[in-house]
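Start at 1 and go down the list; that is how both ligands and their atoms are numbered.
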Amino acid sequence: MRLPHKQTTENIDFAIIGVPSDAGASYRTGQREGPAAIRKVSALLRHHNPVLNISPFDYLSGVDYGDLPVVPGYIEDSYKRIEESLFPIIDAGIIPILLGGDHAITLPELRTITKKHGPVALIHFDAHSDTSDEYFGRPYNHGTPFARAIEEKLLLVDQSIQVGLRGSIFSKNHLEIPKAMGFDVVTMEEINKIGIDKLIQRMIRRVGDTKVFLSFDIDFVDPAFAPGTGTPEVGGATSKETMKLVRGLKDLNFIGFDVVEVLPAFDPSEITALLAANIAFEFISIIAYNRSKQSKEEK
Ligand code: MN
Ligand code: MN
């Protein structure tokens, strides 16, 4: 988006932060290339959001912070470095917009965010619930971050919601796992029945005015619109529905965002990276929209 590349925490409201880790990927790998691909195509983004009628930079200052350090292939070492390097940004009150990376990175993000904010609500867009206890007998990978987040008491689960789950699953009871943990779970099948507007209302009701983190796994979207990802599932949302959904959450109290699982090697026309860049632009627009509301209320 042509933002200045600056590793600063001074006088900024938000930071775009790459997390180029794919040590947690179970099937295809290469999500480490996601941040670079999203940045490249984000040069196409312009500075006014006509739907929310907001020019973010009238209200906000932001930087491209660059990438956090990771250790390829070593997820626990990567987690440690992600947490250490993200903390000063969070501690300075800056809203992070993190670009993955596979979904395993959301665990160290949440660990760091809760150090500052305490447990937070989660809005989780994904074809998968990512609440498995383990994969290959191991606790940290992109199929488990929200199981760990619950165990580590990082989430206000009664105000958290997972949307978009679909596809074949490991067992008859697999969808019951996140529900038993306390998540509200809306499958894609159910979204098809209730429609986007009702889904937005349900998400807003669920979260209320709690501090909330939004985690967007790009495989929420149908592979026709987002083919460049690691574990695609057919029958997902369109890009048009996705933009409407994200914008519909504009009044919530967001303390951070990520968009994960972009895999450029499977994204020859860059449409997946382009969608992720536009989702990040909506996140920036939402932060600005809330600032504009606050400044109107103060007047
Ligand atoms: Mn995921
Ligand atoms: Mn997924």
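- For a distance threshold of 2.8 Å, the protein N, O or S atoms nearer than that to the Mn ion (ligand 2), listed by chain and number, are D126 OD1, H128 ND1, D217 OD2, D219 OD1, D219 OD2.
- Under a 4.0 Å N-O distance rule, the pair R202/E190 qualifies as a salt bridge.
- For the side-chain contact (heavy atoms from CB on, under 4.5 Å) with V259, the lone residue among L99, N278, D217, L98 that qualifies is L99.
- For the residue pair Q31 and H142, no side-chain donor N or O sits within less than 3.5 Å of a side-chain acceptor on the partner.
- Among R247, K240, E241, the single residue meeting the side-chain contact (heavy atoms from CB on, under 4.5 Å) criterion with M243 is R247.
- In this structure, Y140 has its ring center closer than 6.0 angstrom to the ring center of Y79.
- A side-chain contact (heavy atoms from CB on, under 4.5 Å) with I94 holds for exactly one of T8, N11, I12; it is I12.
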